[in-house]
Amino acid sequence: MNHDSFDFRDEPEWQAQERARLAARAGVPATGDPLADQYRVMAQVLRGPLPDALPFDFAAQVARQAAMGAQADARFERTLMQAILAVFGLSAAVVVAMYGQAWVAPILSALKLDSAVAVNWALALGACVGASWLTDQVRKHWHPHHAA
Amino acid sequence: MDGGPRLEPVAPVPDAAPDRLVSLAADRALVAAVMANERGAFERLVKQYQGLCFHIIQRMVRQPDDTRELCQDAFLRVHKYLHQYRGESSLQGWIGQVAYSVAKRHLERKRIPLQDAADPETHQALLENVGDGFDLEGATADEESARCLHAEIEKLPPMQRTLLTLYHLDEIPIAEIAAMTGLAEGTIKSHLFRSRQRLRQALEARMGATA
């Protein structure tokens with residue numbers, strides 16, 4: 001018996017099964033077709049509700065869990081990102097401390113920043129960027145809903 | 001690491017009727033509301049589809065405690081992966097696909113076969129017990145028939161039980177069931193045909209024996 005394809009020779013009996021299904025759906029007691037009527041009770045039973053059911057507050061419970069899960073995911077992602085940034089920053093600081101002396105002079109020279117005036121301008125630019133970032137952080141802290 | 005359900009896109013119906021377009025628009029609106037974290041939107045979605053999800057998982061798994069837990073798992077997955085729903089097919093089909101994959105994976109983990117290994121001997125035994133021209137409705141009380149049928153439905157393999165329920169109780173078209181389960185339409189039709197034939201024969205055999 002092949003379960004994977006429908007045999008066209010079964011078509012008449014399939015049609016009888018379908019007539020029984022439609023009769024059960026319409027609430028018609030008999031189809032007038034003897035073969036279909038043999039399927040009538042079965043079609044009626046198959047339309048019946050299943051035993052058991054989900055708890056009446058199932059939807060509310062799942063919605064609560066989904067919300068909690070989403071918050072936990074977001075918290076985890078945020079923590080992970082902070083940890084990665086911290087590790088990256090620490091690594092960068094260690095590398096700069098170890099090899100920075102060898103880089104700073106050539107870089108400043110290449111960018112023509114080795115004069116005292118240029119260094120002052122670079123420091124001023126850095127201070128501006130830092131102050132802007134700090135202001136933004138403070139704003140986000142006091143108005144978290146507008147942060148996005 | 002769990003990569004979530006492997007969701008295949010449900011094939012869009014080519015000649016979408018106007019009511020289907022309305023239904024798709026409603027699906028998309030509901031999904032947009034959930035994605036925007038609108039208050040109560042996800043609860044609304046769960047309420048709308050918990051019946052379908054329960055039917056699929058209950059028919060596959062049958063254990064009430066496992067069913068409740070897996071239904072919950074299915075909806076949490078729906079919530080997590082809802083951004084993958086593109087709105088080209090029905091949300092019902094997409095959620096059914098999630099529920100089916102959750103239940104299927106549960107059965108696979110427990111090494112419970114999804115389908116019946118073809119059992120020609122049982123089938124033949126049933127056929128031999130069926131009388132010619134048996135008048136089923138005339139010969140039996142509906143209540144007794146229903147009891148017998150429920151017992152026979154429980155004996156069907158998980159997949160056949162589920163297909164019968166989706167087709168008869170949820171009235172889901174074969175094409176949509178195919179999209180949910182990943183089975184070919186011909187295979188589903190064959191399963192439905194054989195299962196219904198088996199139920200009728202089992203009922204006739206039992207009623208014939210008691211008459």
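If you're wondering where the values come from, they're calculated on a predicted model, not measured in any experiment. Naming: A, B, ... by sequence-line order, numbering from 1 per chain.
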Do you know which of A:Ala43, A:Ala53, A:Gly48 has the most heavy-atom pairs with chain B at a distance under 4.5 angstrom? A:Ala53

By a 4.5 Å heavy-atom criterion (distance strictly below it), what part of A:Gln44 contacts chain B: side chain, backbone, both, or neither? neither

Is chain B contacted by the side chain of A:Arg64, its backbone, both, or neither, given a heavy-atom distance below 4.5 Å? neither

To the nearest 0.5 Å, what is the distance between [atom1] ([X]) and [atom2] ([Y])?
X        : Y        : atom1 : atom2 : result
B:Tyr167 : A:Glu18  : OH    : CD    : 3.0 Å
A:Asp10  : B:Phe193 : CG    : CZ    : 3.5 Å
B:Leu149 : A:Leu46  : CG    : CG    : 7.5 Å
B:Asp170 : A:Arg47  : CG    : CZ    : 10.0 Å
B:Gln201 : A:Gln38  : CD    : CD    : 10.0 Å
B:Leu164 : A:Met42  : CG    : CE    : 7.5 Å

Select one option (side chain, backbone, both, neither) describing which atoms of B:Glu171 are under 4.5 Å from chain A's heavy atoms. side chain

Examine whether an atom of B:Gln58 lies under 4.5 Å from a heavy atom of chain A, and if so say whether it belongs to the side chain, the backbone or both; otherwise answer neither. side chain

Return the option, out of B:Arg44, B:Arg68, B:Gln48, with the maximum number of heavy-atom pairs under 4.5 Å with chain A. B:Arg68

Identify which of B:His79, B:Glu43, B:Lys189 forms the greatest number of heavy-atom pairs closer than 4.5 Å to chain A. B:Lys189

For A:Tyr39, does the six-membered ring have the charged nitrogen or CZ of B:Arg196 within the cation-pi criterion, i.e. under 6.0 angstrom from the centroid and within 45° of the normal? no

Answer yes or no: is there a side-chain heavy-atom contact under 4.5 Å between B:Leu199 and A:Val45? no

Should A:Phe58 and B:Phe54 be marked as a side-chain contact (heavy atoms from CB on, under 4.5 Å) after you check the CA-CA gap, both sets of side-chain angles, and the distance that decides it? CA-CA 11 Å; A:Phe58 174 79; B:Phe54 176 73; over 6 Å; no

Ignoring hydrogens, what is the shortest heavy-atom contact between B:Phe42 and A:Ala63? Give both atom names and the distance. CD2-CA, 3.8 Å

Taking every non-hydrogen atom, the tightest pair across A:Val62 and B:Leu76: O-CD2, 4.0 Å

Can you confirm whether B:Arg62 is buried at CZ, in the sense that more than 12 heavy atoms of other residues, nucleotides or ligands lie under 6.0 Å from that atom? yes

